[in-house]
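These values consider heavy atoms only, across backbone and side chains, with no hydrogens, waters or symmetry-generated copies.
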Amino acid sequence: MATDDPRGRMVQSATVLLARAGVAGASFAHVLAHSGAPRGSIYHHFPDGKDQLVAEAVALAGARAVAALDHLAGGSPVEVLDGFVGMWRAVLERSSFGVGCSVLGTVVTDDSAARLDQADGVFRAWRDRLARLFADAGLDGDARGVATLVIASTEGAVVLARAARDLEPLETVHAQLRAVVGAARGGS
């Protein structure tokens, strides 16, 4: 997003703040402070208020993850797994364990049916794309089930790694998932 685009900066900031502290951490005041956008621009760009801003931030986070997954096309099942886990490793390292998943941040900190439905849609899109990548790479058996396991395990490992401020939980889960993916590939 261009730095001269206040709306884009606010959506980007909301994405980061959701990943850091959930919906409460993505208040208009926090978003304005983080983005440097002018105060008067909030209701101009988001006439439906915070719900609109959070929805756009979750959509951005979801789209970014799918785009990152698209870069893994053509790899083996293990390479797809390594790339997915590597994406989360990079998030944790770049933020010094300060952020996790924006989508998860909305689920665990809010009970809005609309936000939960949107998060469900994002997670489904991730599972569908990851399952397609696994199937295209030759994974035997239930590619969607493996994709679900990978996403759920990795999301949990990111939470554990943030709490410990250490990559060890993510690396442990990664090693276990490599064994599962390897076995699903007929031991190869």
Item to complete: Report the C-alpha distance between Arg7 and Phe46 in whole Å, list the side-chain angles of each, state the deciding distance to 0.1 Å, and finish with yes or no for side chain to side chain contact (heavy atoms under 4.5 Å, CB included).
Response: CA-CA 8 Å; Arg7 185 178 198 291; Phe46 303 99; 3.8 Å; yes

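Between Leu133 and Phe84 the shortest side-chain heavy-atom distance does not fall below 4.5 Å. The shortest side-chain heavy-atom distance between Leu104 and Val159 falls under the 4.5 Å cut-off. Side-chain contact between Leu170 and Arg89 is present, with heavy atoms from C-beta onward closer than 4.5 Å.
Of all heavy-atom pairs between Gly100 and Val158, the closest is CA-CG1, 3.9 Å. Taking each heavy atom of Ala131 and Ala147 in turn, the nearest pair found is N-CB, 3.6 Å. The heavy-atom pair separating Val103 from Ala119 by the smallest distance is CG1-CB, 3.7 Å. Shortest non-hydrogen contact noted between Leu160 and Pro169 is CB-CB, 3.6 Å. When every heavy atom of Val23 is checked against every heavy atom of Thr109, the shortest pair comes out as N-OG1, 3.0 Å. Nearest approach of Arg9 to Gly36, heavy atoms of both residues: NH2-O, 3.5 Å.
Using the six-membered ring where Trp is involved, Phe28 and Tyr43 have ring planes that are perpendicular, over 60° apart on the 30 and 60° scheme.
Atom NE2 in His34 sits 7.5 Å away from atom CD in Gln12 (nearest 0.5 Å). Asp120 contributes atom CG, which lies 6.5 Å from atom CZ of Arg127 (distance to the nearest 0.5 angstrom). In this structure, Phe97 CZ and Leu167 CG are separated by 4.0 Å, a value rounded to the nearest 0.5 Å. Remark: Leu72 CG to Asp82 CG distance equals 9.5 Å, nearest 0.5 Å. For the atom pair OG1 of Thr154 and CG of Leu81, the computed distance is 7.0 Å after rounding to the nearest 0.5 Å. Taken from CG in Asp110 to CG in Leu116, the straight-line distance is 6.5 Å, to the nearest 0.5 Å.
In this structure, Arg162 contributes its side chain and Arg20 its backbone to a donor-acceptor pair below 3.5 Å. Arg129 places no side-chain N or O within donor-acceptor distance of the main-chain N or O of Val66, the cut-off being under 3.5 Å. Remark: the backbone N or O of Ala113 is not paired with any side-chain donor or acceptor of Arg115 at under 3.5 angstrom. Under the 3.5 Å distance criterion, the side-chain polar atoms of Ser102 are left unmatched by any main-chain donor or acceptor of Leu18. Looking only at distances, no side-chain donor or acceptor of Trp88 sits under 3.5 Å from a matching main-chain atom of Glu155.
A donor-acceptor contact closer than 3.5 angstrom is absent between the side chains of Thr172 and Gln176.
Between Asp128 and Arg132 no salt bridge is recorded (no basic side-chain N to carboxylate O distance below 4.0 Å).
Sparse packing is recorded around CG of Asp111, with 12 or fewer heavy atoms of other residues, nucleotides or ligands lying under 6.0 Å away.
Tested against Met10, the residues Val31, Asp5, Thr15 include a single side-chain contact (heavy atoms from CB on, under 4.5 Å) partner, Val31.
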